[in-house]
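Everything on this sheet refers to the single structure shown next.
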Amino acid sequence: MRVSQSLIPTMRQDPGEAEVVSHRLMLRAGMIRKVAAGIYSYLPLGLRVIRKIETIVREEMNRAGAQELLLPILSSAELWKETDRWDFYGKELFRLHDRHERDFCLGPTHEEVVTDLFRREVSSYRQLPVTLYQIQTKFRDEIRPRFGIMRGREFIMKDAYSFDQDAEGAKRTYQSMYDAYCRIFSRMGLEFRPVEADTGLIGGISSHEFMVLANTGEELIVFDPDTHYAANVERAEIAPPPIGEREPPLPLEKVSTPNAKSVEEVCALLNVPPSHLVKTLLYQTGPDEITAVLIRGDHQANEIKIQRHLGIHELSLATPELVARFTTAPVGFVGPIGLQKIRILADQAVAVLSNFIVGGNEPDVHLLHANIDRDFAIESIGDFRQAQAGDPSPRGGRSLQTARGIEVGHIFMLGTKYSEKMGATYLDAQGQKLPAMMGCYGIGVSRAAAAAIEQNHDDKGICWPMPIAPFQIHILSVTASEKVRQASEQLYQNLSQNGIEVLLDDREERGGVKFNDADLLGIPFHIILGDKGLAQNTIEIKDRKTGEKYHISPEEACEWITATVKAKLEIQA
RNA sequence: CGGGGCGUAGCGCAGCCCGGUAGCGCGCCUGCUUUGGGAGCAGGAUGUCGGAGGUUCAAAUCCUCUCGCCCCGACCA
C-alpha cells in the first residue's frame with residue numbers, strides 16, 4: 001500500500017482526550033477515530049491489525065475443533081427472560097424495541113442465543129461434543145467507557161460456546177480451549193499469564209482469565225513465583241497466617257480518639273502500627289440485614305470473597321443511616337464489642353491477633369486490648385481480604401507477588417446453568433435425557449490490539465509484534481531523487497510479489513517527517529532508501545523495536561527481508 | 001451514579017475575571033528555494049466560540065437551562 005494514496009491521518013500532537021498510551025497512539029497513528037463515548041471507527045490501519053488478530057484466533061479455534069458461525073447481534077427479550085438475565089444483566093444491556101413495542105437487546109454475549117440454537121438442532125449424544133464460535137461486534141452499555149478501544153461500549157469479541165455430555169468431557173474441552181488461548185496469545189507476540197478468576201455475571205463453576213502483562217493494566221494479579229499459582233486479586237487465596245505465641249490478654253481499656261475516624265488518624269493519635277488495629281466494616285447483606293466483617297487495619301476487604309462466603313450476589317457498605325440504625329456509633333467508631341443483632345465475620349489474619357484496637361461503639365472512643373471470645377463472639381473465620389504482595393502463598397511457595405495486567409481473554413466452565421434453564425438437553429446412549437455441560441470462552445479482539453500497544457511501545461510510538469503489525473515492512477524513500485524513487489518502487493514490487501506486506505511511504509515529504517511517522521506507526525522493519533546509501537550501493541534496514549541497523553546491497557535486500565520476516569513469523573507460531 | 005475538569009479552525013491552545021475587532025502554534029492550499037530525523041520565504045483558505053434561552057445598545061465573555069467529552073471510584077472481553 002502506498003502512503004500517498006492511503007487514509008493514514010497521523011497527528012503530530014497528542015489529542016487532548018486521550019490519557020492512556022494505547023488510546024493516544026492509536027489516535028495519533030490514524031488507526032481509530034471516536035464517534036461517541038466508547039464508540040470508535042477503525043481506519044484502514046487499525047482494521048488491518050484487527051484482521052490479523054482475527055486470523056490468528058480463527059486458525060487456532062479451528063485447530064482446536066471449534067466451528068465458526070454467526071449469530072445475530074439483535075435478539076428478542078424472550079430468550080433473556082428464560083435465563084432471568086433480562087433483569088439480572090441490568091443497565092449494561094443495550095435495550096430497544098421494535099415498531100410493535102416488542103423488547104429487544106443488542107448482544108453483550110450470546111449464551112442464550114447459542115443455547116437456543118443448540119436445543120433446537122442437537123438432540124443426540126452422537127452429535128457431542130460441539131464447540132461453536134463467532135467473531136462479532138458486541139454491545140455493553142458500560143458504566144464508564146474509557147481508555148479508547150480498551151473499554152468501549154461497542155467492541156469486537158470472539159465468543160465460543162461448548163456443549164459436552166458430562167463433566168469429564170467438559171473438562172477436556174475447557175483444557176483444549178485453555179491451550180488454544182495460550183497459542184493465540186503467544187502467536188500474537190504478547191507476554192501474558194493465565195490466572196484463576198472469578199466468574200462474575202456469566203456465572204458457572206470455574207474460570208481463567210488471560211492477562212497481558214503491562215504496568216498500565218487495570219487488573220491486579222497475584223502470583224506465587226515458586227509454584228505456578230496465579231490469580232486475579234479478586235479471587236486470589238491467602239494461606240492462613242502462622243499461629244504464633246499469644247500475648248496474655250490485657251484488660252480492655254477505653255481511649256478518647258476525638259474525630260479520628262480513619263485507620264491512619266487513629267494510628268497517628270495512638271502511635272501504633274495499622275496492623276494492631278481492626279476495622280469493623282458493616283455491609284448491607286439483605287433488605288434489613290447487616291453483617292460486620294473484621295479486617296486488620298493494614299488490610300483491604302475483598303467483597304467478592306465475602307459474597308461467596310455468604311452465598312449472595314449483592315453487597316454494599318452500609319449507608320451511614322443504616323449504620324446509625326444498627327449501632328450506637330457513627331461510621332469510624334463502630335466496633336465488634338456490644339454489637340446487637342449483627343453477625344460478625346473475622347478475617348483469618350484478625351483471628352490470630354490479641355490485644356488489638358477496635359472502635360468503641362460510641363463517638364470519639366476506641367478500645368485497647370480487645371480479644372476475640374473474651375470480649376465478643378464471632379460467627380466464622382475465613383479468608384475475607386484482598387491479597388497483597390508478601391502475603392503467604394496458598395500453594396506453599398515463599399510468598400505472593402503482584403503484577404498488573406489487561407484482561408484479553410476469559411474462559412468459563414458453565415456446567416448446566418444455561419442448559420437447564422433453557423432445556424438444552426440431549427439423549428445419551430441409554431435414552432436418558434440430560435442437560436448439556438457447557439463452557440464459554442471469550443477473547444476481546446479489539447482490546448487485544450490495544451493491549452499489544454500497552455505492552456509494545458516507546459516514547460516515539462508503537463512497536464508492533466510482527467504477527468499483528470498492520471504491515472510487515474515500511475519503506476521510506478528519504479530523498480526525492482528519481483534514482484531513489486525507482487529503487488523503492490522496485491523493492492516494493494519485489495517484496496509484494498514475495499507475499500510480504502509492505503507500506504511504501506512515497507509522499508513528497510522530507511526525510512524527518514517520514515522517519516517520525518514510521519516510528520509512530522511502529523511497523524517492525526523500516527527500509528530506508530536515500531541517495532547517500534545508494535551511492536555506496538547500500539540500503540539501510542532498521543528494526544523498530546531494538547533500533548538495530550543492517551546495511552545491505554539493493555540486490556540482496558529483497559531476499560534478506562523476505563527471509564527475516566518469515567523467520568519472525570515462524571518463531572511466534 | 002458520586003467527585004473533579006473541559007467544550008473557541010482539522011489538531012494543540014490563548015482570549016472569558018474586567019462585555020465592544022475571534023487570535024496563536026501546528027496542519028491544509030499556491031508559488032519559489034530546500035531535501036537522511038517534524039525546512040525557509042512569500043501569499044492564501046478555514047470558525048453556527050457545543051446548543052437553547054435570558055440580561056444588555058452590544059455576549060466567546062455575565063445569568064439560567066441543556067447536550068457532549070475527559071479523568072478518579074463501584075462493572076467487564
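In this text, all values refer to a predicted model and were calculated from it rather than measured experimentally. First the proteins, then the strands, lettered A, B, ... as listed; each starts at 1.
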- Note on the structure: If pairing means Watson-Crick or G-U wobble with both distances under 3.5 Å, then the partner of B/G43 is B/C29

- Note on the structure: When rounded to the nearest 0.5 Å, the distance separating CZ of A/Arg385 from CD of A/Gln388 is 5.5 Å

Using a cut-off of under 3.5 Å, enumerate the N/O to N/O pairs linking the protein to nucleotides 8-13 of chain B.
| unit_1 | atom_1 | unit_2 | atom_2 | d |
| --- | --- | --- | --- | --- |
| B/C11 | O2 | A/Gln13 | OE1 | 3.1 |
| B/G12 | OP1 | A/Gly16 | N | 2.7 |

- Query: Can you find a side-chain donor-acceptor pair between A/Glu219 and A/Asn232 that sits under 3.5 Å?
  - Reply: yes

- Note on the structure: The side chain to side chain contact (heavy atoms under 4.5 Å, CB included) partners of A/Glu191 (sequence neighbours excluded) come to A/Leu213, A/Gln455

- With rounding to the nearest 0.5 Å, note down the distance linking OG1 in A/Thr538 to NE2 in A/His551. 6.5 Å

- Message: Quick check, does A/Phe515 stack with B/G36? I mean ring centres under 5.5 Å and planes off by under 30°.
- Response: no

- Quick note, A/Phe147 side chain, CB onward, closest among B/C1, B/A77, B/C72 is B/C72

Polar-atom pairs under 3.5 Å, protein N or O versus N or O of nucleotides 33-35 of chain B: list them with distances, or write none.
| unit_1 | atom_1 | unit_2 | atom_2 | d |
| --- | --- | --- | --- | --- |
| B/U34 | O2 | A/Arg510 | NH1 | 2.8 |

- Determine the contact category for A/Met150: base if any of its heavy atoms lies under 4.0 Å from a base atom, sugar-phosphate if only primed atoms, P, OP1 or OP2 are that close, otherwise nothing. base

- Message: Within the 4.0 Å heavy-atom criterion, would you say A/Lys34 contacts the bases, only the backbone, or no part of the nucleic acid?
- Response: sugar-phosphate

- Item | Whole angstrom value for the distance that separates P of B/G36 from CD1 of A/Ile539 | 18 Å

- Task: Please name all residues satisfying side-chain hydrogen bond (donor to acceptor under 3.5 Å, both in side chains) with A/Glu234, sequence neighbours left out, ordered by chain then number.
- Result: none

- Message: From C-beta outward on A/His410, which listed nucleotide comes closest to its side chain: B/G36, B/A39, B/A77?
- Response: B/A77

- Query: Expressed in whole Å, how much space separates the P atoms belonging to B/C69 and B/C17?
  - Reply: 28 Å

- For A/Arg507, all residues meeting side-chain hydrogen bond (donor to acceptor under 3.5 Å, both in side chains), sequence neighbours excluded: A/Asp505, A/Asp517

- Query: What nucleotide, of B/C72, B/G36, B/A39, holds the atom closest to the side chain of A/Val513?
  - Reply: B/A39

- Task: Would you mind classifying the nucleic acid contact of A/Arg33 as base, sugar-phosphate or nothing, using non-hydrogen atoms under 4.0 angstrom?
- Result: nothing

- Tell me, please, which residues at least two apart from A/His23 pass side-chain hydrogen bond (donor to acceptor under 3.5 Å, both in side chains). A/Tyr40

- Task: Answer with base, sugar-phosphate or nothing: what part of the nucleic acid does A/Ile528 contact at a heavy-atom distance below 4.0 Å?
- Result: base

- Have a look at A/Gly90 and say if it touches a base, only the backbone sugar-phosphate, or nothing, with a 4.0 Å heavy-atom cut-off. nothing

Could you run down the sub-3.5 Å N/O contacts of the protein with nucleotides 44-46 of chain B?
none

- Message: Suppose we screen for salt bridge (charged side-chain N to carboxylate O under 4.0 Å, His left out). Which residues come up paired with A/Arg24, at least two apart in sequence or across chains?
- Response: A/Asp14

- Apply side chain to side chain contact (heavy atoms under 4.5 Å, CB included) to A/Pro44 and list each qualifying residue two or more places apart in sequence or on a separate chain. A/Leu7

- Item | Candidate nucleotides B/C76, B/G36, B/C69, ranked by approach to the side chain of A/Glu407 - the nearest | B/C76

- Item | Sequence-distant partners of A/Asp116, salt bridge (charged side-chain N to carboxylate O under 4.0 Å, His left out), two or more places apart | A/Arg119, A/Arg120

- Per nearest nucleotide of RNA chain B, the residue lying toward the 5' end, A/Gly512 or A/His23, is A/Gly512

- Query: Do A/Glu219 and B/C76 share a donor-acceptor pair, side chain to base, under 3.5 Å?
  - Reply: yes

Every protein N/O within reach of nucleotides 47-50 of chain B N/O, cut-off under 3.5 Å:
none

- Item | From B/G38, B/G36, B/G73, nucleotide with atom closest to A/Arg146 side chain | B/G73

- Message: Applying salt bridge (Lys or Arg N to Asp or Glu O under 4.0 Å) as the test, list every pair that has at least one member in residues 448-464 of chain A; sequence neighbours left out.
- Response: A/Asp458-A/Arg544

- Task: Can you tell me, in whole Å, how much space there is between the C1' of B/C24 and that of B/A9?
- Result: 12 Å

- Message: Using atom P in both nucleotides, what's the gap between B/G12 and B/C70 to the nearest angstrom?
- Response: 13 Å

- Query: With a 6.0 Å cut-off on ring centres, are A/Tyr550 and A/Trp560 close enough?
  - Reply: yes

- Query: Per the atom types in the model, does the base of B/C26 pair as donor or acceptor with the side chain of A/Arg12 at under 3.5 Å?
  - Reply: no

- Query: What integer number of Å spans the P atoms of B/G27 and B/A59?
  - Reply: 36 Å

- Message: By the definition side chain to side chain donor-acceptor pair (under 3.5 Å), identify the one residue from A/Gln490, A/Glu482, A/Glu489 that meets it with A/Gln486.
- Response: A/Glu482

- Message: Between A/His474 and A/Phe525 (judged by ring centroids, cut-off 6.0 Å), do the two rings come close enough to count as a pair?
- Response: no

- Only one of A/Arg447, A/Arg404, A/Arg151 passes salt bridge (Lys or Arg N to Asp or Glu O under 4.0 Å) with A/Glu218, and that residue is A/Arg151

- Of all the choices, B/C75, B/G38, B/C69, which nucleotide is nearest to the side chain of A/Asn516 once you look at every atom? B/G38

- Task: Between A/Glu209 and A/Glu303, just flag the one whose closest nucleotide in RNA chain B comes earlier from the 5' side.
- Result: A/Glu303

- Query: Which is true for A/Ala36 with a 4.0 Å heavy-atom rule: it touches a base, it touches only sugar-phosphate, or it touches nothing?
  - Reply: sugar-phosphate

- Would you say the base of B/G37 and the side-chain of A/Lys542 have a donor-acceptor pair closer than 3.5 Å? yes

- Query: Under 4.0 angstrom, heavy atoms only, what part of the nucleic acid is A/Gly148 near: base, sugar-phosphate, or nothing?
  - Reply: nothing

- With no angle test and no hydrogens, is the base of B/G37 tied to the side chain of A/Asp519 by a donor-acceptor pair under 3.5 Å? yes

- Task: Give the minimum heavy-atom separation between A/Ser488 and A/Arg485, together with the two atoms involved.
- Result: OG-O, 3.2 Å

